[in-house]
Structures are given as C-alpha cells and as structure tokens.
Protein chains: 2
Amino acid sequence: MSKNKVISPFKPASHKHQDCLRAAIVAAKNHCDAVGIRLTPIRQRVLELIWQDHEPVKAYDILDKLKQSKSSSAPPTVYRALEFLQDEGLVHKIESLNAYVGCSDPKNIHKGQFFICHDCSFVAELDDGEIRHLLQKKAKRFGFEINDEMVEIKGYCQECRGLKE
Amino acid sequence: MSKNKVISPFKPASHKHQDCLRAAIVAAKNHCDAVGIRLTPIRQRVLELIWQDHEPVKAYDILDKLKQSKSSSAPPTVYRALEFLQDEGLVHKIESLNAYVGCSDPKNIHKGQFFICHDCSFVAELDDGEIRHLLQKKAKRFGFEINDEMVEIKGYCQECRGLKE
DNA sequence: ATTCTAGATGTTATATTATAACATAACATT
DNA sequence: AATGTTATGTTATAATATAACATCTAGAAT
Ligand SMILES: [Zn+2]
Ligand SMILES: [Zn+2]
Ligand SMILES: [Zn+2]
Ligand SMILES: [Zn+2]
C-alpha cells in the first residue's frame, strides 16, 4: 500500500483560512468520536491555536495564548495536549524547529514529509509513497529496518520566490 | 553533480573503532590546515569526544567530560565548539535527538541522510544523490526551492535485528 | 441516583537544551 | 610594542520539556 498524498498543499496567503481551521476541527471531532476518545476543551483549544495558520507553532506560544482564557494553564497543560494530539495524528512535531503543525488527515496514521518556507513559514505536508519507498530501498541495502522517519525540507515557496524578483 | 556516497556505513560492534577515531582527527586537521582555520585544543577535544563511538552525543554529556580535563568549561565552551565543527562539516546535528555525530567527509559540504538504530544507537550516514534528486522533483511540482534538508530515519540495524531472533 | 474509577487537569518543582552579554586572553600582523 | 582579530572565560538567563503528586470530573457500573 503505497499511497501518494498531498496532505496539505501550499496555498496563497489570500486563501480563506477560516475554512482550513473549521475543517480541521470537524475532522478532529469526527476522528475522536470514531475512535471513542475525548477531544476535551483544552485539547480542542490547543488544536485551534495550532491551526491559527499554516506555520509551525511553539509550545510556549501556545501556552501564552492558552493562559489568556484559562489562567490555570502551565507547561504540562500544553505538552499533555500536544502528546494527545500527536498520538492521534492530529498534530505533527517539526523536529528541526521544536514546533508543531496541524495535520488534516488523522484517520491515516503516518509520518509526513514537510516542506517549510524560510520566508512565510508555511508548511506543506506530503505523505509520499515514492519517498518512503526510496528510503526503504536504501535501508534494505544495509539490512536496516525502518520504523520511524523524519523528512523536513526548508526553502522558499513559490509565492515567496515570486516576491523576491 | 549528483554524488551517491556512503559517508559512514554501519559497522559491526567488533570493528576497530580506534581507527575511525584516528582517521576522523587526521581528516579534521587536514581540513582545517587546508582551509586555514584553527582546530584548537578545545575543538579537537570536543571532536574526539563525539567520535568516542558512532552514537549521537549530547551537548551536556560532552560538557561533563570536558570539565574533567578542563574545569573552566561551561555551556558556551561546548556550543561554540559545536558551532565551529558544524560549520566546517566535521559534525552534524541530529535534530530529532538534540545530539551530535561526527562526519568523516568534511571536505565536501553536505547535509547527510541519517539512519539511526533504536537499539545500539549506531548512526550511519549517506549523502545520496538519488534521495536529494527525488526530493527536488517533489519540491519542483509546487514551485518550492530547496535550501536545506533534514532526513533522519530510525529503526533497527542488521546486527541488532540478528540479536532479536 | 449513588458509587466507583479511569482519565483528565491542577500545581509545584525541576531537568534539559541553548544563547546573550560582556570580560579577558591568545595569537597574528604590522 | 601596538593593533586588530579570533578564541576563551564567566555569569546569567532563555527556551524547551518532563517528573511527581494532588485533585477533579465525566461517564461507567452498581
Ligand atoms: Zn489555510
Ligand atoms: Zn513562503
Ligand atoms: Zn568506528
Ligand atoms: Zn543496532
């Protein structure tokens, strides 16, 4: 089963992001209902904060915003929510940035491949069978059994490149 | 120019690591001489500590060992040395582990692809043109210009898989 | 409806990773 | 020796993340 998905494509800055946010929350609710776990208010709020944009968000930035509506919030509040959301495939951690992005495809558990713009910080995500397959092939050559993958690519998105002219 | 190198292959636990260490230090000295920069005692010592094994090493573990011979050492001592070594291609940071591994190919500046064993922590490094090329191809599809790449693959090396039987 | 319980949250403290800022020392060039 | 540059020393603190234990609460079991 070698799917080749664009989980989250680059979108123009002008896109109607309200729709991305709304869709992500709906997908999260559906997922949690289906699996029989609870998307509590804190968890939903953290997810909403992460989906404020397509940029990776830092844990302590989430904490700051969370405190505004819920003064009892502390680091564990955020890290617990993040752990839950990551376990459920609702959020990925960008290891090279110590930051978190939403994932709109929780049903299908995966580790994506991320493309991150240095200028606008937009993160696009693929779940690409070709990449996975090539890495498998390389690994196989020296008898390595893959169990987890991190692919994070930085550079400049089309829109930002246009602006550089 | 699409090279396809195995920078640092998996080696049996029994290999004569003294040779790896020695070769790495010689390569580092040669590189620094050639480029006209200084591999100072601190920098060399940090590099040696990183090359104690093929496992990623944590900054504060380096610091602890450094203190044993040089009591004036502090976090900046280590992080400065690490920065120097990374800039010169003598060390790579494994982002997903916040740890550092030696690189035996400093001449050729690159971002490698890393395969890391969960059991023995051995890190193998490729500088693989095929992988780079595929990522380029994917990026091109949505007009993304790559500037930096992180590929870190976790799993089980051949030797450790054999032991699991 | 009441009790029980697992899961979720609150709270305090601390561990881990990394950098800022400024002072001093070592080294190279003139 | 005087100068500029690079490296190191030193102190403090920022940024990221987890441990440990107390308390609460929604929902299951009775
Ligand atoms: Zn959007
Ligand atoms: Zn951009
Ligand atoms: Zn070795
Ligand atoms: Zn192994």
Side-chain angles (χ1 to χ4, degrees), chain A residues 28-29 31-33 35-50 55-88 90-101 121 150 152, chain B residues 28-29 31-33 35-50 55-88 90-101 121 150 152:
Chain A
K29 282 180 174 161
H31 170 78
C32 291
D33 279 358
V35 180
I37 51 178
R38 302 201 301 138
L39 188 66
T40 62
I42 290 178
R43 291 166 177 173
Q44 178 169 339
R45 185 75 189 113
V46 169
L47 186 59
E48 285 166 1
L49 289 170
I50 288 174
E55 302 181 21
V57 183
K58 312 228 112 199
Y60 276 74
D61 290 345
I62 296 171
L63 178 54
D64 288 343
K65 288 180 184 149
L66 206 55
K67 274 179 175 161
Q68 291 172 11
S69 49
K70 208 156 189 305
S71 61
S72 71
S73 307
T77 316
V78 171
Y79 283 102
R80 282 166 185 159
L82 287 173
E83 186 183 19
F84 171 87
L85 295 169
Q86 286 177 270
D87 287 350
E88 295 309 320
L90 294 161
V91 157
H92 297 292
K93 179 175 184 184
I94 305 294
E95 299 286 351
S96 62
L97 296 174
N98 296 318
Y100 304 83
V101 286
S121 298
M150 267 128 309
E152 299 173 8
Chain B
K29 281 180 175 162
H31 170 78
C32 290
D33 280 357
V35 179
I37 51 180
R38 301 200 302 137
L39 189 66
T40 62
I42 290 177
R43 291 165 177 175
Q44 178 169 338
R45 184 76 189 113
V46 169
L47 187 58
E48 285 166 3
L49 289 170
I50 289 174
E55 301 181 22
V57 183
K58 311 227 111 198
Y60 276 74
D61 290 344
I62 295 171
L63 178 55
D64 288 344
K65 287 179 184 151
L66 205 55
K67 274 179 175 163
Q68 291 171 12
S69 51
K70 208 155 190 306
S71 61
S72 71
S73 306
T77 316
V78 170
Y79 282 101
R80 282 166 185 160
L82 286 173
E83 186 183 19
F84 172 87
L85 295 168
Q86 286 177 270
D87 287 349
E88 295 308 320
L90 294 160
V91 158
H92 298 292
K93 179 176 184 182
I94 306 294
E95 299 285 353
S96 61
L97 297 173
N98 296 318
Y100 304 83
V101 286
S121 297
M150 193 213 71
E152 298 174 7

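Letters go in sequence order (proteins before strands), and every chain restarts at 1.
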Can you tell me how far [atom2] of [N] sits from [atom1] of [X], to the nearest Å?
{"X": "B:Leu82", "N": "C:dT19", "atom1": "CG", "atom2": "C1'", "value": "13 Å"}
{"X": "A:Tyr79", "N": "C:dT14", "atom1": "OH", "atom2": "P", "value": "19 Å"}
{"X": "A:Asp87", "N": "C:dA8", "atom1": "CG", "atom2": "C1'", "value": "15 Å"}
{"X": "B:Ile42", "N": "C:dC27", "atom1": "CD1", "atom2": "P", "value": "12 Å"}
{"X": "B:Ile62", "N": "C:dT17", "atom1": "CD1", "atom2": "P", "value": "11 Å"}
{"X": "A:Glu83", "N": "C:dT9", "atom1": "CD", "atom2": "C1'", "value": "14 Å"}
{"X": "A:Lys67", "N": "C:dG10", "atom1": "NZ", "atom2": "C1'", "value": "14 Å"}
{"X": "A:Glu95", "N": "C:dT16", "atom1": "CD", "atom2": "C1'", "value": "15 Å"}

Just to confirm, is there a sub-4.0 Å distance from OP1 or OP2 of C:dA18 to any side-chain nitrogen or oxygen of B:Asn98?
yes

Ignoring backbone atoms, test whether A:Ser73 places a side-chain nitrogen or oxygen under 4.0 Å from the OP1 or OP2 oxygen of C:dG10.
no

By nearest nucleotide on DNA chain D, pick out whichever of B:Pro75 and B:Arg38 is the more 5' one.
B:Arg38

Judged by nearest nucleotide, the residue sitting upstream toward the 5' end of DNA chain D, A:Tyr60 or B:Arg43, is B:Arg43

Closest to the side chain of A:Lys70, out of C:dA18, C:dA8, C:dG10, is C:dG10

What range of DNA chain D does chain A touch, first nucleotide to last, counting atoms under 4.0 Å from its heavy atoms?
D:dT16 to D:dA26

Would you mind classifying the nucleic acid contact of A:Arg80 as base, sugar-phosphate or nothing, using non-hydrogen atoms under 4.0 angstrom?
base

Indicate, with a heavy-atom threshold strictly under 4.0 Å, whether A:Tyr100 touches base, sugar-phosphate, or nothing.
sugar-phosphate

What closest approach, in Å, do [X] and [Y] show between heavy atoms, and which atom pair accounts for it?
{"X": "A:Thr77", "Y": "A:Ser72", "value": "OG1-O, 4.3 Å"}
{"X": "A:Leu66", "Y": "A:Ser73", "value": "CG-OG, 3.5 Å"}
{"X": "B:Phe84", "Y": "B:Arg38", "value": "CZ-O, 3.6 Å"}

Side chain A:Glu152, main chain A:Ile94, donor-acceptor under 3.5 Å:
no

Do B:Glu48 and B:Arg45 meet the salt-bridge criterion of a basic N to acidic O distance under 4.0 Å?
yes

To the nearest 0.5 Å, atom CG of B:Leu82 lies from atom CD1 of B:Ile62 at 5.0 Å

Heavy atoms of other groups near B:Lys93 NZ, more than 12 under 6.0 Å:
yes

